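Below is one structure, written out as structure tokens; comments come after it.
First the proteins, then the strands, lettered A, B, ... as listed; each starts at 1. Keep in mind it's a predicted model, so treat the numbers as computed, not measured.
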2 protein chains.
Amino acid sequence: MHEVIQKLKAAGLKITPQRLAVLEAVKSFHGYHPTAEDVYKKVKEKYPAISLSTVYRVLDKLVEIGEIKEIVVSSSERRYDARKDAHYHFVCKNCKKIYDIPKEMVEIVWKKPLEGKKILNQNFVVVGLCENCYTGNEE
Amino acid sequence: MHEVIQKLKAAGLKITPQRLAVLEAVKSFHGYHPTAEDVYKKVKEKYPAISLSTVYRVLDKLVEIGEIKEIVVSSSERRYDARKDAHYHFVCKNCKKIYDIPKEMVEIVWKKPLEGKKILNQNFVVVGLCENCYTGNEE
DNA sequence: AAAGATATGCAACAAGGTTTCATGATAAAT
DNA sequence: ATTTATCATGAAACCTTGTTGCATATCTTT
């Protein structure tokens with residue numbers, strides 16, 4: 001929590017209760033990857049006055065300063081991840097649940113370098129059917 | 001073009017000029033990965049009466065029968081790809097341009113199998129800065 | 001050629017996210 | 001501690017992307 005305050009200050013941003021509450025909320029979803037709406041509902045529990053637009057704005061800022069990540073697993077909604085270490089994701093085509101894939105499970109090897117371009121992030125997203133949906137018991 | 005007709009028939013779908021025109025349009029964007037809107041504009045050139053909702057519906061069907069693919073590279077809009085062979089994508093964080101990465105350039109090795117889950121697709125999306133944006137000449 | 005089934009166009013709608021603007025809170029400088 | 005300049009917030013309006021309901025039109029099969 002101290003760390004964020006440093007980062008916010010370093011970026012010339014103010015320390016507001018909303019910002020701290022939103023970050024807390026995102027962090028509270030261990031293993032789950034919340035949408036902005038999910039975060040909004042969670043924050044409201046302890047901070048009923050917060051507005052949805054503030055949540056959107058704070059999420060953007062937290063991504064900007066690298067305190068959380070946006071994961072791109074759907075073309076229709078944004079999802080956030082408080083985990084900052086590298087890892088990958090599995091998305092169930094049926095129930096849409098998102099699972100973490102530990103970095104150690106997969107090795108990504110470049111056979112030839114990507115000439116001219118600068119790589120900032122490597123997103124590996126596996127789409128398939130999870131345990132529940134694969135065996136037929138829809139969720 | 002013959003192939004699609006077979007696929008549509010096999011899926012119990014009718015052969016309509018709109019469906020053929022939308023597929024043609026998607027195919028015409030070599031190397032570019034159009035949004036539904038892009039496809040709509042392109043189709044309109046030769047088929048001015050088509051409606052946007054039809055384009056959305058046809059794109060869905062074409063994805064369903066595997067004639068085109070939806071690529072997930074943004075959380076806010078869908079993009080389509082007529083290329084059916086496996087390959088990956090690079091997205092420029094600055095100009096948002098999408099580049100194809102040939103399959104041969106990257107090798108994805110599973111160190112441990114994904115227990116219980118069935119893999120349908122492996123999407124590898126690299127985010128970074130492209131030639132133009134990296135060197136400072138914004139686009 | 002007719003019948004049945006499916007697709008289309010239009011317009012209304014919905015979800016997710018953004019923007020504007022007046023007000024309120026923060027941080028730096030007295 | 002107070003003031004002041006700046007930045008952030010809440011509320012509501014708005015925008016973009018995609019979806020749906022329904023009447024009409026078009027396919028396909030007989």
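Taking the ring centre of B:Phe29 as origin, the terminal cationic atom of B:Lys42 falls inside the region bounded by 6.0 Å and 45° from the ring axis.
Residues A:Ser76 and A:Lys61 each lie close to DNA chain D; by heavy-atom proximity, the contact nearer the 5' end of the strand is made by A:Lys61. Of the residues near DNA chain C, B:Ser75 and B:Leu13, the one whose nearest nucleotide (by heavy atom distance) lies more toward the 5' end is B:Leu13.
One can place CG of A:Leu8 at 13 Å from P of C:dT26, the figure rounded to the nearest angstrom. The nearest whole Å value for the distance from the OH atom in B:Tyr56 to the P atom in C:dA12 is 18 Å. Regarding A:Lys14, its NZ atom lies at a distance of 18 Å from the P atom of C:dT23, rounded to whole Å. The nearest whole Å value for the distance from the CD atom in A:Gln6 to the P atom in C:dA27 is 12 Å. Regarding B:Arg19, its CZ atom lies at a distance of 11 Å from the P atom of C:dG9, rounded to whole Å. As a whole-Å value, the separation of B:Glu77 CD from C:dT18 P is 13 Å. Rounded to an integer number of Å, the gap from B:Arg57 CZ to C:dA11 C1' is 12 Å.
In terms of the salt bridge (charged side-chain N to carboxylate O under 4.0 Å, His left out) criterion, residue partners of B:Glu107 (sequence neighbours excluded) are, by chain and number, A:Lys111.
The phosphate of C:dT18 has OP1 or OP2 within less than 4.0 Å of a side-chain N or O from A:Arg78.
Counting any heavy atom pair closer than 4.0 Å across all strands shown, A:Leu52 reaches no nucleic acid atom.
Note that the first and last nucleotides of DNA chain D, 5' to 3', having any atom under 4.0 angstrom from a heavy atom of chain B are D:dT17 to D:dT28.
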Notebook entry, point to check: What do the steps show when you test A:Ile108 against B:Val106 for side-chain contact (heavy atoms from CB on, under 4.5 Å), and what is the final call?
Noted result: CA-CA 7 Å; A:Ile108 292 170; B:Val106 182; 3.7 Å; yes

### Task
Report the C-alpha distance between A:Ile71 and A:Asn123 in whole Å, list the side-chain angles of each, state the deciding distance to 0.1 Å, and finish with yes or no for side-chain contact (heavy atoms from CB on, under 4.5 Å).
CA-CA 8 Å; A:Ile71 61 173; A:Asn123 300 326; over 6 Å; no

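Distances from the side chain of A:Ile15 to the nucleotides C:dA5, C:dA27, C:dT18 place C:dA27 closest. Between C:dG16, C:dT26, C:dC10, one nucleotide has an atom nearer to the side chain of A:Thr16 than all others, and that is C:dT26. In this structure, of C:dG9, C:dG17, C:dC21, it is C:dG9 that holds the atom nearest to the side chain of B:Ile50.
A:Lys103 has no carboxylate O lying under 4.0 Å from a charged side-chain N of A:Asp85, or vice versa, which leaves the two without a salt bridge. Salt bridge annotation for A:Glu115-A:Lys117: absent, with no cationic side-chain nitrogen under 4.0 angstrom from a carboxylate oxygen. At a threshold of 4.0 Å, the pair B:Lys84-B:Glu67 counts as salt-bridged, since one of the basic side-chain nitrogens sits closer than that to a carboxylate oxygen.
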